[in-house]
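Data block below; observations after.
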Amino acid sequence: MPEGHSLKRAANMWNRNAGQIAHVSSPQGRFAESAALVDGHRFRGAWSHGKHLFLEFEPDYTIHIHLGLYGKHHQLPTPAPEPKGAVRMRVRFKNRTIDLNGPTRCEVLDKAGVQTVLDRLGPDPLKLDEAPAAFLERMAKLKAPVGKILMDQNEIAGIGNVYRAEVLFMRGLSPFKPAKDLSTEEWKKLWALTHELMSHGVEHSGGIETVYSGAPKPLGLPPVIKAACARRTYVYKRATQPCVICGGPVRAKDFYGRMLYWCPVDQPLPAGVVDPTGVTKSE
DNA sequence: GCCTTATGTTCAC
DNA sequence: TGAACCTAAGGCT
């Protein structure tokens, strides 16, 4: 599930091999030249920012990975079996081998190249438990809808379609509300909630869940939720199912090329704001 | 078993 | 705006 928490998990996995010599190859062939650059070098360690993963090698190489929608890591014992499918990169350590299949991006960068990637990314809510002041100042100016901004990696790095839908529902915010119309207090709460849910995601293996023991509760949620058992999300991928707060149908609509899920009753449009998808009737 | 769909981004038109 | 990337889970038969 490659939202930001998955990349943090991946970095943790890579770091179990930190300090070892890495034997880097390109079974699929598309990474051959780059693999030769770092093959045989010592692996220093891994870190992530948003949905981007960085692997550092001596003396000064960094492999930049973006999983995209399909990218997957496979952890294997050393010696590893024959590569399965299109393995872009295989890294053999003493006891473990890691295969990378189907990433959108896998490239070797120097320091300047890494900086160029980072310069394009907003702050990562997984790394900071409080929203940075510069971020809050910027949000106070943006006219674009909050549902679009949360997915914009240039503004805030690491949130994907699941967390977007869930945090907006849990805060009772319409995805169509302009970012600047959220108060600074609301932005702080939204950030803190995102930090909380994604941190849980780092610890929790398996799919994204926002309904779990000890999780923050959505605004307006009744003390007893009917039919909430076995539920992992409130609105994500629950189109037409009843909202846990009002019982009305959860809506789904393509929004800037991605499916948006929300409850039009519990995430009401403010007066004067038009739903660009045309689904929600403004009162 | 087959078909659809998806947690994402880049690039071509 | 749509295709490409390329994997795997889930729904269906």
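Since the structure is predicted, the reported quantities are computational estimates derived from the model, not experimental observations. Values reported hereafter were calculated over all heavy atoms of this structure, with side chains retained and with hydrogens, waters and symmetry mates removed. In what follows, chains are A, B, ... by sequence order, proteins preceding strands, each numbered from 1.
- Contact check on A/D60 versus A/K111 returns a salt bridge, with a Lys/Arg side-chain nitrogen under 4.0 Å from an Asp/Glu carboxylate oxygen.
- For the pair A/I159 CD1 and B/dT9 C1', the computed distance is 17 Å after rounding to whole Å.
- Residue A/G85 is classed as a sugar-phosphate contact, given heavy-atom separations below 4.0 Å to backbone atoms only.
- Crowding of A/R138 atom CZ: a count of heavy atoms from other residues, nucleotides or ligands under 6.0 Å not exceeding 12.
- In this structure, A/R105 reaches the B/dC11 phosphate: one of its side-chain N or O atoms is under 4.0 Å from OP1 or OP2.
- Here, C/dG11 and B/dT7 have their P atoms 15 Å apart, quoted to the whole Å.
- Side-chain atoms of A/E58 and A/H41 include no donor-acceptor pair closer than 3.5 Å.
- Put simply, A/N101 has no side-chain N or O that comes within less than 4.0 Å of OP1 or OP2 on C/dC6.
- Taking the P atom of each, B/dC13 and C/dC5 are spaced 14 Å apart, rounded to whole Å.
- Within 4.0 Å of A/Q28, counting heavy atoms only, lie sugar-phosphate atoms of the nucleic acid but no base atom.
- The one candidate from A/E185, A/E186, A/E166 that meets the salt bridge (Lys or Arg N to Asp or Glu O under 4.0 Å) condition with A/R171 is A/E186.
- Here the closest heavy-atom approach between residue A/S174 and residue A/P268 is recorded as CB-O, 3.4 Å.
- Between C/dG2 and B/dT5, the two P atoms lie 16 Å apart (nearest whole Å).
- Here the nucleotide nearest the side chain of A/R258, chosen from B/dT10, B/dG8, B/dA6, is B/dG8.
- In this structure, A/M259 atom CE and B/dG8 atom P are separated by 13 Å, rounded to whole Å.
- Within the 4.0 angstrom heavy-atom criterion, only backbone atoms of the sugar-phosphate kind lie near A/H74; the bases stay farther away.
- The distance between atom CD of A/E166 and atom P of B/dT7, rounded to the nearest whole Å, is 12 Å.
- Under 3.5 Å, the side chains of A/N161 and A/R164 contain a donor-acceptor pair of N or O atoms.
- Spacing of P atoms, B/dT4 relative to C/dA3, comes out at 15 Å, to the nearest Å.
- The distance from atom NZ of A/K51 to atom C1' of B/dG8 is 6 Å, rounded to the nearest whole Å.
- Within 4.0 Å of A/R88, counting heavy atoms only, lie sugar-phosphate atoms of the nucleic acid but no base atom.
- One can place CD of A/E3 at 8 Å from P of B/dT7, the figure rounded to the nearest angstrom.
- Each of B/dT9, C/dA8, C/dC6 was ranked by its minimum atom distance to the side chain of A/H66; first place goes to B/dT9.
- What separates NZ of A/K237 from C1' of B/dT5 is a distance of 6 Å, to the nearest Å.
- A/L100 is not connected to A/F54 by any chain of hydrophobic side-chain contacts under 4.5 Å among Ile, Leu, Val, Met, Phe, Trp and Tyr, and they are in different clusters.
- For A/R232 and B/dT7, the CZ to P distance is 14 Å, given to the nearest whole Å.
- If you check every strand for non-hydrogen atoms under 4.0 Å, A/Y236 touches sugar and phosphate atoms only.
- Note on A/L221 and A/V265: separate hydrophobic clusters, where clusters join Ile, Leu, Val, Met, Phe, Trp and Tyr whose side-chain heavy atoms are under 4.5 Å apart, directly or indirectly.
- The nearest whole Å value for the distance from the CG atom in A/L69 to the P atom in B/dT4 is 17 Å.
- The listed nucleotides are C/dC5, C/dT7, B/dA6; the one nearest the side chain of A/A86 is C/dT7.
- In the region residues 146-156 of chain A, proximity to DNA chain C at under 4.0 angstrom, judged on heavy atoms, holds for none of the residues.
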